[in-house]
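Bear in mind the structure is a predicted one, so any value in this text is a computation, not a measurement. Letters go in sequence order (proteins before strands), and every chain restarts at 1.
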Amino acid sequence: MADRIPVYDAEAIETKWQGVWDREETFKAREDSTRPKKYVLEMFPYPSGDLHMGHARNYTIGDAMARQARMRGFEVLHPMGFDAFGLPAENAAIKNKTQAGKWTYANMDQAVATMKRMGFSYDYDRLVRTCDPDYYKWGQWAFLKMWEKGLAYRATSPVNWCPSCNTVLANEQVVDGKCWRCGSVPEKRELSQWYLRITDYAQELLDDLDQLDGWPENVKAQQRNWIGRSEGAEIDFALADADGKATDRLITVFTTRPDTLYGTTFFLLPPESKLAAELVEGTEYEQAYQELKKSVEQVSSVERQGSGREKHGVFTGRYVINPLTGKLLPIWVADYILLDYGTGAVMGVPCGDQRDFEFARTYGLDIPPIIAQKDDPLYEQLKDQQEMVVTSVDWDQAMAAEGYLIQSGPFTGMKGGKHSEAVDAIIAYLGERGIGRKTVQFRLRDWLISRQRYWGNPIPMIHCDCCGDVPVPYEDLPVTLPEDLDLGAGETLAEYAPFFETTCPKCGKPAKRITDTMDTFTCSSWYFLRYCDPHNAELPFSKESVDRWMPVDNYIGGIEHAILHLLYSRFWTKVMRDLGMIDLDEPFTNLLCQGMVKDAKGETMSKSKGNVVPPSSVIGPYGADTMRLAILFIAPSEKDFNWDEEVVAGANRFIKRAWRTVWGLAQTASADAALKVGSLDAAGKELYRRMHELGLRCTYDFDRYQFNTAISAVMELVNDANAYLNNVPAQKRDAALCFCVARCIVAMLSPIIPHWGEELYHEALGLTGSAYDEPWPTFDEEAAKASTVQIAVQLMGKVRGRIDVPADATKDELEAAAKEALADVLEGKTVRKVVVVPGRLVNIVAN
RNA sequence: GCCCGAGUGGCGGAAUUGGCAGACGCGGAGGUCUCAAAAACCUUUGUCGAAAGACGUGUGGGUUCGAGUCCCACCUCGGGCACCA
């Protein structure tokens, strides 16, 4: 072994090992391995340029997991790819007068170079780019399968249209009332669009969240919120004719509060309602209705939403009949009613609902009390009152939601509220008469996937004037995206005849291709399945390969995908399961959402703010390993952190110190000598013990992905090893111990600073092969135990002293030792109780 | 309004799940080496106090021999959903 310690030259070492890993295909996932599998996956990037700090953090976390898993004996699948379709490429192409593909491929090449420079252990043979025809072909294939199952369909309805992106958006992509990508306020437009029927899976998507023990609570909560399940009832109201007599025509409402049916004094429809338009047509009420409808269209969705907004409505001149009381209820059109939730019709209960209350106040409608709490004077007055005698009250706000029914016919006196006995009783009563039924509503809407943009996966459908919408035959897939549009001149797919002109596969007559492309989130909903079998030319993936690798054991990515990508991927997985493609309910077993990297002041990094710290600015002066260590050490992975140059410098200092320590140990190390613990001197025994203690801690922290404390455990071991080197003269050091400790330090840091680890593994320890063929060291609880421990001696729970005791002392011995230590304090007091926690403390209760 | 989180030194953060609060690192102070500086190494560093000691995990209560950890009430901050009937 070398006598002199070489200088730590990060760049030389990193270049060297990156070359070796590449050449030797060290990180290729092997299909024929007999090891158990582990699938570690980071959310693939959108190639909008080079990687930024957020990517560096995301991939460093995943890489540490992947490398450690391999050392723990797993065959690891750790792939990478690019979510390559999308608007920024198209916008850049328009601006630079180039092709979207050209721009995208150049960015991907750059990003791959940076990934390699960071030393990420990807199996690059499995690189997937969603804009490659042999990938997006299978997205089209999946669309056709969904079409066949009725899960893909076309519908005309008001949709969110982003005027800046010139395309429609999914509900999930309207964030805070604005386009998720550009921040413009979308307009409502009535358009014919393509949807995936995700609502068919609403209940399952909700229920299966309970299986996802490895997901953060807040992500599951967000998904539950988004799916938005409400239990309630549908109730049929008969439309009245001009004389107030019931007609055959029924209008159904959805309500979560059927118990408040007796308090219904009006009936509500949304402005977009076709029924409302029909009811007022040709009447004196039509003009006011049209004005309201127009004013709603002019108001943006941001303004229209929000409970603070004043409510507007118009009367339609028509009535429905309350099925319980037989009373006539005026039908109003109101701007706070949503077309696409529930049945699109609402019963107005001003006493029980704050919104209905405000509406009733504005338009002078009755507010009859039908629910009261027991301490309410109204309750005393009306608790046995079945008929309506108090028809309106003069309150400031709606009644409490819970209470007892009053003036509610036979249900008077029952407990009311959500999921109350009154709810059940009224549903049962309505059910017997066939005018109401229990039902469940979801807030989740079907997934609108058409985009009127070029750079995406074409929807594989043809519209024929004779045959309607006809799927492209499977053998004609993929529908290839043309590469020679003049984007700079504003050309779109819809105007590009070579693309849309075709013939109908059914009747052979001239027909037009659908020129919408699919939402890019369709591409990212199944890429993790493609990684299992990336070169399959017959199918999107084989069942065997998915059975081999799925589910993803560790999925790492940003919290911003809590709803969008993570919900869509769960849906897609369930669809693939129902198509018989896979046997899997959920794609991602464990999910880690890493925090954001902000600048030193805590601001988010952005090009417009000019505060971006590019990864290259750290890799350049310090090297990739320092970058990786700093990122993992600065904070727990889920937390945001502020970029701090001092932490980087500190990380680099530790790497250099650990480098010298390992080399220092290596100078007296021997790989051949057997370690005889019994014959070690005191310093050696203690170092050996600490190695086990800290190794256990480090392993435990790796197992729970808490890298900051895993690193601190190794730091302690390095400190201890240094103390050993400083205090024990070279000729007295134990060669086997030195080797063992050095090897443990190298092994435990290798997942985090891999080039450093590989270099020392070979050059300092003189080992061959790869550090990643080295199994993770095993540590022993017994060996970690100290012969004597210091425990606290407490009086009434307060620490009064500390004593050194043998680790194996009995409870009685500990009690005796503690009493002795506190003898002078205890004098004159009576000991009531003694609590002994071996290895920790003795607490004496005395007075 | 509803639903999730989180509040610990000057800072990032630990605390093996009810058992010695502040591990590890940053920063600070002092020192060694040097003509000097950098680097490196050593000592020290929760607050108050000269010391003994006292006080300390957002606030106020509670349970317990013992609470950062559990329970109740509240405050503050962050995030998500939101005119969803």
Side-chain angles (χ1 to χ4, degrees), chain A residues 175-177 216-230 232 253-257 260 268 270 304-311 334-338 340-349 352-356 358-359 441-445 559-560 562-563 629-630 633-636 638-642 644-651 653-654 656-657 660 693-694 696-697 700-701 704 706 708-716 718-719 722 726 789-802 832-846:
Chain A
V175 179
D176 290 334
E217 253 341 289
N218 65 334
V219 174
K220 288 189 278 185
Q222 279 185 49
Q223 291 213 356
R224 281 192 193 100
N225 240 325
W226 187 261
I227 295 167
R229 184 181 196 272
S230 287
V253 299
F254 171 73
T255 179
T256 55
R257 295 297 303 276
T260 63
L268 295 157
R304 193 176 160 191
Q305 74 187 19
S307 47
R309 186 176 146 84
E310 198 185 325
K311 294 165 177 52
D335 60 356
Y336 68 100
I337 305 303
L338 304 172
D340 54 356
Y341 183 75
T343 60
V346 174
M347 60 186 217
V349 186
D353 183 282
Q354 184 62 25
R355 294 156 300 178
D356 295 343
E358 286 168 24
F359 189 77
Q441 279 294 329
F442 293 95
R443 207 183 49 207
L444 183 70
R445 304 296 144 78
I559 187 79
E560 67 274 17
I563 296 171
L629 184 77
F633 184 63
I634 189 168
E638 319 77 46
K639 283 196 73 170
D640 292 354
F641 72 78
N642 299 348
D644 184 351
E645 184 68 28
E646 299 287 359
V647 172
V648 179
R653 206 176 304 151
F654 170 70
K656 288 195 277 193
R657 194 153 51 89
R660 287 192 302 269
E693 182 189 340
L694 294 164
L696 284 168
R697 235 164 71 190
Y700 175 76
D701 287 341
R704 54 183 184 148
Q706 195 169 299
N708 57 333
T709 50
I711 292 164
S712 73
V714 189
M715 284 174 167
E716 286 186 61
V718 168
N719 290 347
N722 260 334
N726 286 341
V789 287
Q790 190 177 67
I791 64 164
V793 183
Q794 296 182 331
L795 181 66
M796 309 291 288
K798 291 206 169 204
V799 178
R800 291 288 168 170
R802 294 187 167 86
R832 306 263 170 221
K833 190 176 178 182
V834 180
V835 181
V836 182
V837 185
R840 300 226 177 253
L841 53 76
V842 179
N843 186 18
I844 298 171
V845 186

Dump every N/O contact between nucleotides 46-49 of chain B and the protein below 3.5 Å, one line per pair.
none

Report the residues that fulfil salt bridge (charged side-chain N to carboxylate O under 4.0 Å, His left out) with [X], sequence neighbours left out, ordered by chain and then residue number.
X	result
A:Arg697	A:Glu716
A:Arg229	A:Glu231
A:Arg224	A:Asp210

Presence of A:Gln706 side-chain N/O under 4.0 Å of B:rA15 phosphate oxygens OP1/OP2
yes

When syn is taken as a glycosidic angle within 90 degrees of 0, is B:rG9 syn or anti?
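What B:rG9 shows is a syn base, its glycosidic angle lying within 90° of 0.
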
Hey, is B:rU57 sitting syn or anti, using the within-90° cutoff around 0?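 Judged by the O4'-C1' to base torsion, B:rU57 sits in anti, the angle falling more than 90° away from 0.
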
Could you pull out the protein-nucleic contacts involving nucleotides 7-13 of chain B (nitrogen or oxygen on both sides, under 3.5 Å)?
| unit_1 | atom_1 | unit_2 | atom_2 | d |
| --- | --- | --- | --- | --- |
| B:rG12 | O2' | A:Ile634 | O | 2.3 |
| B:rG13 | OP1 | A:Lys639 | NZ | 3.4 |
| B:rG13 | O3' | A:Asn708 | ND2 | 3.4 |

Using Watson-Crick geometry (N1-N3 plus N6-O4 or O6-N4) or G-U wobble (N1-O2, O6-N3), each under 3.5 Å, B:rC2 is paired with B:rG80

For B:rG56, the Watson-Crick or wobble counterpart (both distances under 3.5 Å):
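Here B:rG56 is not engaged in any pair, so there is no nucleotide opposite it.
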
All N/O contacts under 3.5 Å from nucleotides 16-22 of chain B to the protein, with atom names and distances to one decimal?
| unit_1 | atom_1 | unit_2 | atom_2 | d |
| --- | --- | --- | --- | --- |
| B:rU16 | N3 | A:Arg840 | NH2 | 3.4 |
| B:rU16 | O4 | A:Arg840 | NH1 | 3.0 |
| B:rU16 | O4 | A:Arg840 | NH2 | 3.3 |
| B:rC20 | O2 | A:Arg802 | NE | 2.4 |
| B:rC20 | O2 | A:Arg802 | NH2 | 3.0 |
| B:rC20 | N4 | A:Gln790 | O | 2.5 |

Which nucleotide sits closest to the side chain of [X]: [options]?
X	options	result
A:Asn726	B:rA85, B:rA54, B:rC41	B:rC41
A:Trp226	B:rA54, B:rA82, B:rG25	B:rA82
A:Arg445	B:rA85, B:rC26, B:rC84	B:rC84

What about A:Lys220: does its side chain form a donor-acceptor pair under 3.5 Å with the base of B:rC4?
-> no

*Ionic contact status for A:Asp340 with A:Arg445, cut-off 4.0 Å*: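 Result for this pair is yes, salt bridge flagged.
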
query = Is there a donor in the side chain of A:Arg443 and an acceptor in the side chain of A:Asn225, or the other way round, less than 3.5 Å apart?
reply = no

Assign A:Gln223 to base, sugar-phosphate, or nothing according to its heavy-atom contacts below 4.0 angstrom with the strands shown. nothing

Taken to the nearest 0.5 Å, the spacing of A:Leu629 CG from A:Ile634 CD1 works out to 11.0 Å

note: A:Tyr336, atom OH; B:rC83, atom P; distance rounded to Å ~ 13 Å

